[in-house]
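Below is one structure, written out as structure tokens; comments come after it.
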Amino acid sequence: MSAPIKGPLFLTNTLTRKKEEFVPLRPPHVGLYVCGPTVYSDAHLGNVRTFLTFDILFRWLKHIGYTVRYVRNITDVGHLVDDVDHGEDKIAKRARLEQLEPMEIVQKYTNGFHDVMRLFNILPPSIEPTATGHLIEQIEMVKRILATGLAYEVNGSVYFDVLKYSSTNKYGELSGRKTEDLIANTRDTEGQEEKRSPLDFAIWKKADATHLMKWPSPWGEGFPGWHLECSAMSTKYLGLTFDIHGGGMDLKFPHHECEIAQSVAADGHVPVRYWMHGNMLTVNGRKMAKSEGNGFTPEELVTGNHKLLEQGYSPMTVRFFMLQSHYAGTLDFSNAAMQASEKGLARLMAAMDTLGNLKPTGTGSAEVIALEQRCYAAMNDDVNTPVMIAELFEGVRLINSVHDGKLSMDAEGIERLRELFNTMVLEVLGLKNEDESKNDDGVLDGLVKEFIRMRAEAKAKKDFATSDRIRDQLKVHGIELMDTKEGTTWERV
RNA sequence: GGUCGCGUGGCCGAGUGGCUAGGCACAGCUCUGCAAAAGCUGCUACUGCGGUUCGAAUCCGCACGCGACCUCCA
């Protein structure tokens, strides 16, 4: 069958606000749904953080022995520009601005999104459904909700009746809201006159003649409400009730709250057992958001070509930086923090190299076993990557101490340490060594090696004036020499 | 205004009622012809004021500061 589960795993369930032991509905299978991007513009770094959070969860669930079906959607219709139920579709707006067919916009930014995911080594989900590909399922769901009397049709639009629903169900449970408070805080906005209550939300919206993205339905030409796709698609692929639903903190209300209501209304089942919400990436203490205009694209990040960036940072530096904080807390982006991560990651990766060539120095491997246990404990404690990384640096110390002959370790211990690092660093954290391509210029490498040879000869003759001149001049040209026990190496500065 | 959360050493960032991560920076040492690089070692913080407790950064209350959501956003 399957390998034993290396658990138990504890996750913070944002529905109960408690850390709970994770027990799937149908072990060893796990159903995981994460709200994906709306493909109307380039993904920024804040988006990356959320998908990275659930990438780690996906990797960890698989690692400890679960068979995971990971569904992450692409929203290619349904989100409106101004207000929930009023205004222009974001994708249609973009299409108008760029003078493209809406589906060209969708394709363009979907491709871009996939490029970004690949860049940061975020694994593709098992299923990546699109909203436009599931219109029939969404229309069927609207019908089921109408059949229960928890939605009503007005002029070709269908609205969810929140007050009626909340008279027998808990609306607001996930986000900790009360319907009275919500009503008290409602602002008057246009296009609300069709609704019975300002809390009601559209599950199907009538399209006017100029609307580009519209489909026939029992209520006329229109398009699905913006919360509906996730309910329809998660149900289709994961069942009426499934294990984990994730997304960014900012989707908790109203998006996820509405998802719950829709599923309960349509199918009579609470859809999700464990809700998980990743927290925001901030810049100077403020949320990075498309609407704030304080985001930068991955391309700008790598090149450093943005006013917030002092230099470029590699994708793995960013990945490592994000994993050094816990997903549930906010993380503030700064150049100083990025530079610290860059160095830390380099040290971790250098230790990986050292470990590859490490030779046994005697007996003992107790430290490795203890380290291994602490790594598992950290990850099983709400996917605590920062703690695991801290443990891995303890491992780095072990590796270097054995390498320096200051600690004795037998072959079994070294092998176990290798396996631990390969598993945790490469497989679970998904970090890759980026340095290999640095000295890939064969001609340059040959030239520099010739200089290194000349310098070694000069040094052998105690002609330090010459050897130092070679070193200094190379540095002027951007080549730094480093003397190690194994000989001299070089890198570009 | 409502709801929720946060405030940790020079910086970033974990965490538990007592044993007090980790990274970066810094200092000392090792290595080295010198330097750099690398490694090792050191560095004891928890917004303020009360309270609970044998003991709190960790629990409770208040104050101050900050943020998120309440409108599209990961």
Side-chain angles (χ1 to χ4, degrees), chain A residues 14 17 34-38 40-41 43-54 79-87 90 172 175-178 180-182 184-187 189 226 246-255 277-282 285-292 295 320-321 324-326 328-345 347-348 350-351 354 374 378 381 384-394 396-397 399-401 403-404 406-407 459 462-464 467-468 471-472 475 480-485 488-491:
Chain A
T14 42
R17 296 169 182 79
V34 173
C35 292
T38 304
Y40 70 98
S41 65
H44 66 241
L45 212 57
N47 305 112
V48 171
R49 188 181 184 208
T50 296
F51 300 123
L52 173 61
T53 292
F54 293 102
H79 281 206
L80 305 166
V81 173
D82 297 321
D83 181 68
V84 176
D85 307 315
H86 188 75
K90 278 182 174 173
S175 54
R177 270 156 235 263
K178 300 187 184 103
E180 313 87 77
D181 296 342
L182 287 169
N185 284 315
T186 304
R187 288 190 263 166
T189 45
W226 64 294
M249 201 76 118
D250 47 357
L251 295 182
K252 211 169 172 183
F253 187 89
H255 186 58
H277 289 94
N279 216 324
M280 299 293 105
L281 181 72
T282 60
R286 306 200 77 89
K287 175 184 167 185
M288 185 183 284
K290 289 177 183 176
S291 54
E292 293 259 343
F320 184 71
F321 163 71
Q324 274 184 298
S325 77
H326 188 68
T330 55
L331 172 62
D332 198 54
F333 180 93
S334 70
N335 283 283
M338 288 297 298
Q339 284 152 13
S341 289
E342 188 172 55
K343 289 183 181 170
L345 177 62
R347 198 156 86 83
L348 181 65
T354 306
R374 292 201 305 273
D381 183 12
N384 201 326
T385 53
V387 169
M388 178 159 90
I389 288 171
E391 299 298 352
L392 289 174
F393 276 104
E394 293 300 324
V396 168
R397 195 157 294 141
I399 291 166
N400 290 330
S401 296
H403 182 66
D404 289 351
K406 289 174 181 165
L407 179 72
K459 279 171 74 173
K462 305 256 185 234
D463 179 6
F464 297 124
S467 70
D468 288 352
R471 185 177 66 197
D472 296 344
K475 185 148 192 181
E480 185 166 42
L481 301 186
M482 287 156 301
D483 294 332
T484 71
K485 281 178 189 165
T488 302
T489 60
W490 69 275
E491 67 179 36

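Everything quoted here is computed from the prediction, not taken from an experiment. Convention: sequence-line order gives letters A, B, ...; per-chain numbering from 1.
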Roughly how many Å apart are [M] and [N], using the [atom1] atom of each and rounding to a whole number?
N: B:A21; M: B:A74; atom1: C1'; value: 28 Å
N: B:G13; M: B:G23; atom1: P; value: 16 Å
N: B:U20; M: B:A14; atom1: C1'; value: 13 Å
N: B:A25; M: B:C40; atom1: P; value: 14 Å
N: B:A27; M: B:G18; atom1: P; value: 35 Å

Can you tell me which nucleotide in [options] comes closest to the side chain of [X]?
X: A:Gln324; options: B:C69, B:A21, B:G23; value: B:G23
X: A:Met482; options: B:G23, B:A36, B:A35; value: B:A36
X: A:Asn47; options: B:C73, B:A68, B:A35; value: B:C73
X: A:Arg397; options: B:U41, B:G13, B:C73; value: B:U41
X: A:Phe393; options: B:C69, B:C70, B:G22; value: B:G22

Discussion item. Could you tell me how far apart A:Asn384 (CG) and B:G13 (P) are, to the nearest whole angstrom?
Written reply: 14 Å
Worksheet entry | Length of the CD1-P vector between A:Ile389 and B:C12, whole Å |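 Atom-to-atom, A:Ile389 to B:C12, this comes out as 18 Å.
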May I ask you to verify if any side-chain N or O of [X] is less than 4.0 angstrom from the OP1 or OP2 atom of [N]?
X: A:Lys343; N: B:A25; result: yes
X: A:Arg471; N: B:G33; result: no
X: A:Asn400; N: B:C40; result: yes
X: A:Lys287; N: B:C69; result: yes

Discussion item. Assess, by modelled atom type and distance only, whether the side chains of A:Asn400 and A:His403 contain a donor and an acceptor separated by less than 3.5 Å.
Written reply: no
Worksheet entry | Modelled atom types, side-chain donor and acceptor of A:His277 and A:Thr14, under 3.5 Å |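 Yes, A:Thr14 and A:His277 have a side-chain donor paired with an acceptor closer than 3.5 Å.
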Worksheet item: Any salt bridge between A:Arg471 and A:Asp468, counting N to O under 4.0 Å?
Response: yes
Worksheet item: When Watson-Crick pairs (N1 to N3 and N6-O4 or O6-N4) and G-U wobble pairs (N1-O2 and O6-N3) count only below 3.5 Å on both distances, what is the dot-bracket string of RNA chain B, with | for other-strand pairs?
Response: (((((((..(((.....[...))).(((((.......)))))....(((((..]....))))))))))))....
Worksheet item: Does A:Ala378 offer a backbone N or O that forms a donor-acceptor pair with the side chain of A:Asn384 under 3.5 Å?
Response: no
